[in-house]
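What follows is one structure encoded as C-alpha cells, with my remarks underneath.
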Amino acid sequence: MPAPSELVAGLRIGTPAELADAETRSYLADGRAVGWYGAPGVVIDAELSDQEVPAALAARYGTGDFWGRWTRTECAAKRAGVPIALQLRSTGLDAPGEARTIELDGVTVSVL
C-alpha cells in the first residue's frame with residue numbers, strides 16, 4: 001500500500017488520452033479519468049465527489065461517506081476480479097481491505 005505522500009504523488013486527473021501511459025485508470029462521469037503512476041499492481045477507483053448518490057443506493061446504504069465507501073468497495077471488487085454487484089452482495093459497502101481514500105480536486109479516489 002502506498003504511503004500517503006506516494007498516494008498523492010502517484011495520481012493524476014486528466015483526459016483519458018493524457019493518461020494513456022498510466023499504470024491503471026478509473027473513468028469519471030464527466031469524461032475525465034484518474035491515472036495511477038506509482039507501483040504496479042495497484043487498483044484504483046474514482047468518482048466525482050459532488051455527484052448525487054443514486055436514490056436506490058442511498059436507500060440501501062445511506063449517504064454518509066458514500067463515495068468513499070463506494071470507491072473502496074470497487075477497489076475490493078477489482079482486486080478480487082468480481083463484478084461490483086457480487087461484491088455488494090457479499091460485503092455491502094463495507095468491503096474489507098486496506099484501501100486508502102483521498103479527495104483530490106473534487107474527486108474521491110481510493111487506492112488498494
Side-chain angles (χ1 to χ4, degrees):
M1 177 60 59
S5 60
E6 293 171 335
L7 184 63
V8 173
L11 292 167
R12 293 187 199 145
I13 300 172
T15 67
E18 291 169 336
L19 304 177
D21 61 339
E23 209 41 58
T24 189
R25 286 166 300 287
S26 181
Y27 298 93
L28 299 168
D30 65 2
R32 295 179 299 158
V34 177
W36 172 251
Y37 288 86
V42 169
V43 295
I44 68 170
D45 190 64
E47 297 288 344
L48 298 173
S49 300
D50 63 356
Q51 70 185 336
E52 192 171 327
V53 176
L57 293 172
R60 184 166 192 162
Y61 301 110
T63 58
D65 186 32
F66 181 85
W67 295 117
R69 294 182 296 141
W70 180 267
T71 58
R72 288 188 294 275
T73 302
E74 280 271 17
C75 283
K78 289 175 182 181
R79 174 65 49 91
V82 300
I84 186 65
L86 291 179
Q87 186 71 40
L88 288 171
R89 276 189 228 147
S90 172
T91 65
L93 281 185
D94 298 314
E98 299 176 10
R100 294 202 176 150
T101 304
I102 64 166
E103 177 140 348
L104 184 65
D105 298 329
V107 177
T108 301
V109 184
S110 288
V111 178
L112 177 65

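- G35 and R25 get closest at one heavy-atom pair: CA-CG, 4.2 Å.
- From E47, atom CD reaches atom OG1 of T108 across 8.0 Å, with rounding to the nearest 0.5 Å.
- Distance check: R69 CZ to L57 CG gives 10.0 Å after rounding to the nearest 0.5 Å.
- R72 places a side-chain N or O within donor-acceptor distance of the main-chain N or O of G68, the cut-off being under 3.5 Å.
- The hydrophobic clustering, which links ILVMFWY residues whose side-chain heavy atoms are closer than 4.5 Å, places I13 and Y37 apart.
- Under the 4.5 Å side-chain heavy-atom criterion for grouping Ile, Leu, Val, Met, Phe, Trp and Tyr, V42 is connected to L104 within one hydrophobic cluster.
- Rounded to the nearest 0.5 Å, atoms CG (L19) and CH2 (W36) are 13.5 Å apart.
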Take Q51 and W67 through the test side chain to side chain contact (heavy atoms under 4.5 Å, CB included) and record every step on the way to the result.
CA-CA 9 Å; Q51 70 185 336; W67 295 117; 3.4 Å; yes
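- Separating the OG atom in S110 from the CD1 atom in I44 is a distance of 10.0 Å, to the nearest 0.5 Å.
- Contact annotation: the side chain of T24 never approaches that of V43 to less than 4.5 Å [non-hydrogen atoms, C-beta and beyond].
- Minimum heavy-atom separation, T73 to G92: CG2-O, 3.6 Å.
- Nearest heavy atoms, A46 versus V107: CB-CG1, 3.8 Å.
- Put simply, CZ on R12 and CG on D105 are 13.5 Å apart, with the number rounded to the nearest 0.5 Å.
- Counting only heavy atoms from C-beta outward, the side chains of V53 and Y61 never approach each other to under 4.5 Å.
- The shortest heavy-atom contact between A76 and A95 is CB-CB, 3.6 Å.
- Note: W70 and F66 have parallel aromatic rings, judged against thresholds of 30 and 60 degrees for the angle between ring planes.
- For G31 against P16, the heavy-atom pair with the smallest separation is O-CD, 3.3 Å.
- V109 and Y27 sit in two unconnected hydrophobic clusters of ILVMFWY residues. Membership requires side-chain heavy atoms under 4.5 Å apart, directly or through other members.
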With side chain to side chain contact (heavy atoms under 4.5 Å, CB included) as the criterion, how do L48 and R32 come out once you've worked through the C-alpha distance, each side chain's angles and the decisive distance to 0.1 Å?
CA-CA 10 Å; L48 298 173; R32 295 179 299 158; 3.6 Å; yes
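- Qualifying salt bridge (Lys or Arg N to Asp or Glu O under 4.0 Å) partners for D21, counting only residues two or more places apart in sequence or in other chains: none.
- In this structure the side chain of L93 never reaches within 4.5 angstrom of the side chain of R60, judged on heavy atoms.
- Connection of L7 to L28 is established within a shared hydrophobic cluster, with ILVMFWY side chains joined at heavy-atom distances below 4.5 Å, either directly or through further cluster members.
- Taking CG of L11 as the reference point, atom CD of E6 lies at 11.5 Å (rounded to 0.5 Å).
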